[in-house]
There are 2 protein chains.
Amino acid sequence: MTNIKEIAQFAGVSVSTVSRVLNNHPYVSPDKRESVLQAIDRLNYSRNINAIHLSKGKTNLIGIIIPFTNHPYYGAIVHGITKQANAIGCHIVIFETHYEREKEIQALNMLQMKQLDGIIVCSRISEMKVLLEYQKYGPIILCEDTAQAELSSISIDHYAAFSCALEYVIAKGYKKIGYSLGRKKSRNSFLRTKAFNDIMRNHQLINNKEWQFEGSYHIKDGEQLFQEWNSMMDKPEAIIITNDDTAAGFILTAKKSGITVPNDVAILGFNNDSLSEMLDITTISLPLEWIGKMAVDLFENPEVIKHVKLDYALIKRKSV
Amino acid sequence: MTNIKEIAQFAGVSVSTVSRVLNNHPYVSPDKRESVLQAIDRLNYSRNINAIHLSKGKTNLIGIIIPFTNHPYYGAIVHGITKQANAIGCHIVIFETHYEREKEIQALNMLQMKQLDGIIVCSRISEMKVLLEYQKYGPIILCEDTAQAELSSISIDHYAAFSCALEYVIAKGYKKIGYSLGRKKSRNSFLRTKAFNDIMRNHQLINNKEWQFEGSYHIKDGEQLFQEWNSMMDKPEAIIITNDDTAAGFILTAKKSGITVPNDVAILGFNNDSLSEMLDITTISLPLEWIGKMAVDLFENPEVIKHVKLDYALIKRKSV
DNA sequence: TCTTGCTCTGAAATGGGTTTCATACGGTAC
DNA sequence: GTACCGTATGAAACCCATTTCAGAGCAAGA
């Protein structure tokens, strides 16, 4: 492999001058620039980026912590991140964690060891305390509704979004209402649960713990959810499912058993995936790609810790 | 940032010894090892991985070239790659190309500049010639049915898989058969087209160019495809759609117009996504995760160029 | 006793850039 | 004429770890 030194020799200049040409610095005379360029061409030179990384102390690599790659919700966020990251000359490294602590630590260690310039956390299992420890090694952006002042975050107001969904279901006349979340212990779920409790109390409706489910991520989970619902003696009349895929799974499975939506049970989804459009599922539309874009923006300005909230929208269709 | 030199000083040894401790080399006396370990702990040292990359000439990073991240087909492959890559201590960098040449070149350049140890190409637009030029910089693995001897590949026998699908449709008594591909110009599509032509000829069935579509990737494309189909005077009775998502979109849209499957039109999908299971779509199951795993295996053994073929399976359900 | 061989250690070379600093030169303002 | 500034350039320091090489010490076998 040819290196900068050989180029310098070949071109009859110093390595500094070669470096200047390579980085488009001013103060290089046209003829020297030309001869360097020629040397590069002749010797078929290409820079060793690891040396640059070492020297500059940065890699233009952003780590993304997500539980699953293969999922519309995170897929959309990752897509947004990728687009914006590319726009600022960065690439992304995916850490698919399946909510294993160890995997998250791996990513954080790469930040510490300077292989990553920053990390965007889409969803996590590690305690906030852990993230804060690693903050000194580079910007960590959270895609969650955090109250943590020390880390920038971008999120949807999940309390408000869930409230909006619930109020709509209630306004439609349903009284026995359940919901299904991803993981109960996440920040998002905490806020959604709180919204549910508050609003049900306000309307003096029954808050039945049996109608509260979790583990809704994929289509198949909707099948499972339907089985659970179907086997209950006392069934909720409406379920808010925080994920269109699962909602779709529920509805499609229900149909096979002759249960129709919204006649037998109303379903309200989240995300506004194209699948929900196809199946006419009433849903809350979330600006997922935009979350990704904003996360990168926050990464770019690490000196200002900000907490950005994005808007949501109720998409009225036919499942409620 | 503390570095290895400071650790050496603090521990009263040479940098070589520190490096030996760090890398678990033998031939370090227990007491020196101990004092190095203590120094590391005291000074809160962490290695600069970029220096290691520079020194070792590798980064344990594998690039993945895919057109879309947000898609079940590629999602499954990426998932398989990620799993196996992690197993061998590598991480992955995603290049979402949307079939833009420039993006693919970006990835290849990162291979050249040694930021990547290798590249797995899931689908591409660049000519083979271009890939071959970059081969000297590191292993390039193709997830396609290539005849190219110089690059390792992992693929499904798309000719056979498509043949299997078509023979099944024919055996079911359909005569007017169409199909829909992703991009017509891809290697996979070439083989599928060839299979179609050969078999239709064998069975002396009409090969109507108007019944051959492309651009089928997402659910929404299925909606579009249905509109096209529906507006035809002379409609095919069966369509093989090389993508379950699009097949699902077709079927769901059809249902809204009162067209039922397979009575009015038979649909055969590809991939065996969970969505196809939900909708009882007859499909060809492809071992996508396994492709990912095998791709990493091939990456690991770059000295032997291999062309691995994986099996497929016809999943009979109710849409044909 | 001498040779061989293993354990242990550090100096120095290596990987390959970026950046600072010192210097030199030509031109302009006063 | 002198002071000052912008352009141009190279030497050397710096980023940080790995690895080779050479040598020292010590024990076992001949």
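Note that the structure is predicted; figures quoted are calculated from it, not measured. The sequence lines fix the lettering, A, B, ..., with proteins before strands; numbering per chain opens at 1.
The interatomic distance linking L54(B) (CG) with dA13(C) (P) rounds to 17 Å, in whole Å. Rounded to an integer number of Å, the gap from CG of N48(B) to P of dG16(C) is 17 Å. Nucleotide dG15(C) holds its C1' atom 16 Å from the CD1 atom of I49(B), rounded to whole Å. Distance NZ (K58(B)) to P (dT14(C)): 23 Å, rounded to an integer number of Å. Put simply, CD1 on I4(B) is 17 Å from P on dA12(C), counting in whole angstrom units.
Relative ring orientation between Y217(B) and F68(B) is described as perpendicular, the plane-to-plane angle rising above 60° on a 0-90° scale split at 30° and 60°. Relative orientation of the Y74(A) and H71(A) rings is tilted, given thresholds of 30° and 60° on the angle between their planes.
When DNA chain D is scanned in the 5' to 3' direction for atoms under 4.0 Å from non-hydrogen atoms of chain B, the outermost contacting nucleotides are dC16(D) to dT20(D).
Residue whose closest nucleotide on DNA chain D sits further toward the 5' end, between S55(B) and V15(A): V15(A).
Nucleic acid contact class of T17(B) (heavy atoms, under 4.0 Å, all strands): sugar-phosphate only. Residue V13(A) is classed as a sugar-phosphate contact, given heavy-atom separations below 4.0 Å to backbone atoms only.
Two residues are said to be in side-chain contact when any heavy atoms from C-beta on lie closer than 4.5 Å; L286(B) and I291(B) fail this criterion. In this structure, the side chains of L151(B) and Q135(B) come closer than 4.5 Å at one or more pairs of heavy atoms. In this structure, P287(B) and M294(B) have side chains that are not in contact, with every pair of non-hydrogen atoms separated by 4.5 Å or more. Looking only at side-chain heavy atoms (C-beta outward), T97(A) and I125(A) stay at 4.5 Å or farther from each other. Using a 4.5 Å heavy-atom cutoff, the side chains of T69(B) and I94(A) are not in contact.
Nearest to the side chain of S14(B), among dT18(C), dG16(C), dA11(C), sits dA11(C).
A cation-pi arrangement is found for R183(B) relative to Y99(B), the charged atom lying closer than 6.0 Å to the ring centre and inside a 45° cone about the ring normal.
Heavy atoms from other residues, nucleotides or ligands lying under 6.0 Å from NZ of K114(A) number 12 at most.
A heavy-atom distance below 4.0 Å to DNA chain C is reached by these residues of residues 20-37 of chain A, ordered by number: R20(A), N23(A).
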